[in-house]
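Chain naming here is simple, since letters A, B, ... match the order of the sequence lines and numbering starts at 1 in each. From a predicted model like this one, the values you see are computed outputs, not experimental measurements.
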Amino acid sequence: MTRTISFTLNGEQVAAEIKPHHNLVEVLQREFNLMGARESCGQGMCGCCTVLVNGAAVSGCLYLAAFVDGAEVRTVESLADARTQALSPVQEAFIEAGAFQCGYCTPGFLLMATQLLEAYPDPDEEQIRHYLSGNLCRCAAYPEIIAAVKLAARRRKANSVG
Amino acid sequence: MTPFELVEPASLGEAIALLDPEDAGVRPIAGGTALMLMMKAGVFRPTRLVSLRKLARLNARIAATSDGALTIGAMTPLALVERSPEVARIVPVIPRAMRRLSNIRVRNVATIGGNLAHGDPHMDLPPLLIALNAEVKVVGANGAQAAERMIAVEALFTGYFETVLAKNELIAELRIPPQGRSRAAYLKVTTGSAEDWPALGVAVALESEGSAVKSARVVVSAATEKATRLKGVERLLAGATVDEKMFARAGDAAAEEAECMTDVRGSAAYKRELTRVYVGRALRQALNSDGATR
Amino acid sequence: MATSSGQVGTPKDAKVGGAKVGSQIGRSLPRLEGRDKVTGRAEYTHTMRLPGMLYAKIFRSTVAHGRIKSIDTSAAKRVPGVYRIITAEDIRTVIPAPYYGPAFHDQPILAVDKVHFVGEPVAVALAADPHVAEEAAQLIVAEYEELPAVFDEVEAAANNTLVHEELKPAGTFADLKHLKGRKGTNVALDFKLRRGDVDKAFAAAAHVFEHTFHTQKVLHLALEPFASIADWNERGVTIYSGSQGPSFVRTEIARLLGWPENRVRIKVPYLGGGFGAKLYIKMEALATALSMIVRRPVKVALTMEEQFYTITRHPSTFVIKTGVDASGRITARKCEVYWNGGAYADVGPRVTQKSGFTASGPYDIDNVWVDSYALYTNLPPAGALRGFGIPQLVWAYESHTDMIARALKLDPLEFRRKNLLREGRPQATGQIVRDAKLDAVLERVAERLNWGKPLARGNGALRRGRGIAVAIKAVISPTTSVANLTIAADGSTTLYCGTVDMGQGSDTAMAQIAGEVLDVPAESVRIVPRDTDVTPYDMGTLGSRSLFHMGHAVRLAAEEAREKIKAMAREVGEPEGSNIPLPDLFKKKFGMQAGNIVGTGTYKPDYVPPDPATGLTDKVTPFWMCAASGAEVEVDTETGHVRITRLITAVDCGRPVNPKIVETQISGAVLMQLGFTMFEKMHIDAGQVTNASLADYKIPAILDVPQAMENETVDSHLSTGPFGAKGVGETATFCVSPAIANAIEDACGVRLTALPLTPEAVFRALRAQANKPLADDA
């Protein structure tokens, strides 16, 4: 029942041997050693397993790996510049604003915040809260996460102007 | 999860042939968000999943007809419905309700067809679609022939996670009829965190003339074993004068009629009280909203 | 900017006299590990793999109390790819006495003969493919002879239904010795405090009030579920574990194996949250036993659901009685507290005793009586959860205090002011209170709430109100921390300490303390990952103890290193006050870039154990934690929904070492307790948790954050603290629940005495008040 899937992973064309019951997170971890997307609640509630598939955020723990055949997949590992390792404005802002404690949920929040700023470059607090309402942080760094998104929005704006 | 076979047919006929009307271990999979939960919990152990992703006829598409009806392909992800300009123009109550429906990742993957076929009474769209008098086109096998039938969303649900769909039937399309001057509202009531599943969902759609209600559809969900029309309340509303007294009477009638159930989100007695209050609030919101189906 | 991207500062400027880099204490330095966490590279045990590793999947009990009649593993063994099925019988071939626990040796690695709660591990399936292990575990079948079970803590105290036939205290603690071998009881500890004469004082009091309060069973719910990997061979065992207390794990595993500690190595990757759950032994003993049996590395990683069967917060019942004189002074308080410890004691007896010291609250009361009972029941075990019992106690005594003030028509703030424990006065245990800013935290919250000025009361169905609460905690004592610090010949500093940074920012704070002493930027100090082969002893990362205890050990280690630098300078002939750069000093001494300076520090505060008869001692704690919270709420009286419009918290954490991290600790603690206050609850039916998932057990998300949340630290300096600091991890949890309940009563006149404050609970109280009680369902 093993099958081969091929897809684009963080900009690179890749292939993997998988079985139908494997989910995307376990395949990313086992086959590609990408540990940023993690299973926590296992029910799509917490967002720790967030992965972008064809530009849309999905819960990797509820997504059959077979379904990314031919798709474009991005993980938190793609946010920093591949060559220079420079962090993205969102990553920088999360560090500066203290927007995490244990860090387990952070990759999910970073990907969601990045998506949010692509959809709404200048979000107000309500938009931020609604967009991130499906990601959980047990350390409850929520006020700092909101501050980080606002900071990242300002940085992105400054960067695009400068 | 335990191993299973995954097939990805390219035609509808093939898909229906791969489904087995007798085998509970064979099921179609669309977005899979709800099915994966059942599989991970071990409550569903498939032998074969039939993916609907490659079926052009179920494709993600949203179209408006000239008379103001909407058709939405079954495989349309909820996020596309939420963002569709046509949907926003014709039935703005839908994107409004979807804002608090699960979370963005689920909405990106879950499909409108799967959302209905799952029969989960806690979903937010089914009660609203019932209030909007929507129907689904269902395809299945009639001997060797493919067969189609239309089913009102209202008639789709037979119980807790149960629908009238045969195991080898698929929802192909959702149709929302023209809403005319009807106005609608959906209220999701949570008793845990803000992003919890609803303890109660209330959807209403009504037409009024001057200060009188012409017709109304009132639906409750989540608190009941399935999304359910409250026909007694609807009869009470038809012809009634719109005022605070009427809202209160409708609420009382709804509390009487709705068969609420106890779960971790609240006792049946409490959910009846929520129904009493929120049916009135939903009616007030619908009537205070401006224009058709807003 | 340089620090924000995680760039490491340079040690090159390190000099003998210090580089005068400016104070490291009080800097809002971003977390040192930030880059690892935002790039997804931070490694957690739950995602770790070792070559040749097997995955373990646990088969769990479905009955709350029963004798195991049989375990049928035949179907499980037939699953293709299964490596082996393990039961307690197999465990005993490698560990003959497979019982562990910090207070009692009561918890078996896998259930032996009996099961004591629904969800208890009974057997394990091992396979190289985790899906295969899971499938096999689901095919194991056990038969039980069901025994009577007890779930309620007060019923358990009657000792009619017994959870254990005989008590087995670990022998670690003096106050448990009298329980050794005791039969016929569920009481795992009975702490008593007797001060003055409460009966006489009640008789003389103008008013006496008695109320009973309850708290529910809630879960830590760390987003990284429990995980341990053990790799055993005859020479030693290495355990990778998300543990808050690697030193304890090492000691306990060594005891179970009958080995010296130096053959047991615990390595701790990053922790995806802990909150008190990941203390003592969790998956480590099982992983070790399995690895011994199969002689391969074995990983035990739980799912979210399984966390509900592992460790929880204690539910409690608190009967509190207070006497007040005609002037409004509290003259006596009697506290009976029942702690529902579940089937295994874990650290419950310590929660029972340590919280018992302050059960009478932050008030100056001459006559105090405390009975605090740790009880066994047939529920999943309970341990420490961000507060060591204090949030449960404060919930009761600050609700009670408000109820008294209202009954006597006294202003709740004035009533508290009048009775507050002041500097220099004896606390209930007899210890004189020093450096405890109870008045300051209370006054700051009152000021921010505009207490005394009228509040808009709302209209129609929406009613508004406000409430306040204040609390004290005695930090746990006596505990020990050890730190080592090395300076390399290039002047760079490496710190070895066992405090586990599970998100609270301790690594950053410890680097700041070392940097302060050595006058180097904190960013330049490297903190070695926790590894018991390398990092010295620490009692555990718990109870807000680390910044004080380990902070002192780090300070002492750095001071010793600093003195050794000075001595080296003298030795090579440098003049007094020389500012020679360290690399030059090392070269001068060793002729090349060579050598090390090693400093070490050990800290253990003074402690006098409480008198067994009276619970009194004048040295119960090295410092007091103080907090106050205020809430403004809006109650929808038609539905019972409560909206928290403002939530204010002030804490005394001494001098903040890193103000930004302190701020996040306060808001994180407030929001966690907000969940425990408003909706979190493990629903249990005949011992079975019915909402063991994040779908049905909700925790606060971003939409639950109050629109106005204000947090602050009051001006404070702990004279005995490292640079004036106290711990702060738990402090802000204390007062949230009663502040909100007090605000609800202020808004709509109903008093809730059980958590959580759900809309239904508020609604039912409103209906009861209106004399139209809502019927229970049949």
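In this structure, A:Gln29 CD and C:Met48 CE are separated by 12.5 Å, a value rounded to the nearest 0.5 Å. Residue A:Leu132 holds its CG atom at 9.5 Å from CG of C:Leu703, rounded to the nearest 0.5 Å.
Counting heavy atoms from C-beta outward, C:Lys660 and A:Glu96 have side chains that stay 4.5 Å or more apart. The side-chain heavy atoms of A:Gln101 and C:Lys37, taken from C-beta on, include no pair separated by under 4.5 Å.
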Would A:Arg138 and C:Glu680 satisfy salt bridge (charged side-chain N to carboxylate O under 4.0 Å, His left out), going step by step from the backbone distance to the final call?
CA-CA 13 Å; A:Arg138 190 50 154 169; C:Glu680 289 187 41; 2.8 Å; yes

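Both the backbone and the side chain of A:Gln85 come within less than 4.5 Å of a heavy atom of chain C. Heavy atoms closer than 4.5 Å to chain A are found nowhere in C:Glu43, neither backbone nor side chain. Proximity to chain C (any heavy atom under 4.5 Å) is shown, for A:Ala99, by neither the backbone nor the side chain. For a residue to count as touching a neighbouring chain, one of its non-hydrogen atoms must lie under 4.5 Å from one of that chain's; by this rule A:Leu136 touches chain C with backbone and side chain alike. Heavy-atom distances place the side chain of C:Tyr44, and not its backbone, under 4.5 Å from chain A. The part of C:Met709 that comes within reach of chain A is its side chain, from C-beta onward, which places non-hydrogen atoms under 4.5 angstrom from that chain.
Note on A:Arg129, A:Arg38, A:His21: by heavy-atom pairs under 4.5 Å with chain C, the leading option is A:Arg129.
Side-chain atoms of A:Ser40 come within 3.5 Å of backbone atoms of C:Leu223 as a donor-acceptor pair (strictly under, hydrogens ignored).
The minimum heavy-atom distance between A:Tyr104 and C:Gly272, with the atom names listed, is CB-CA, 3.8 Å.
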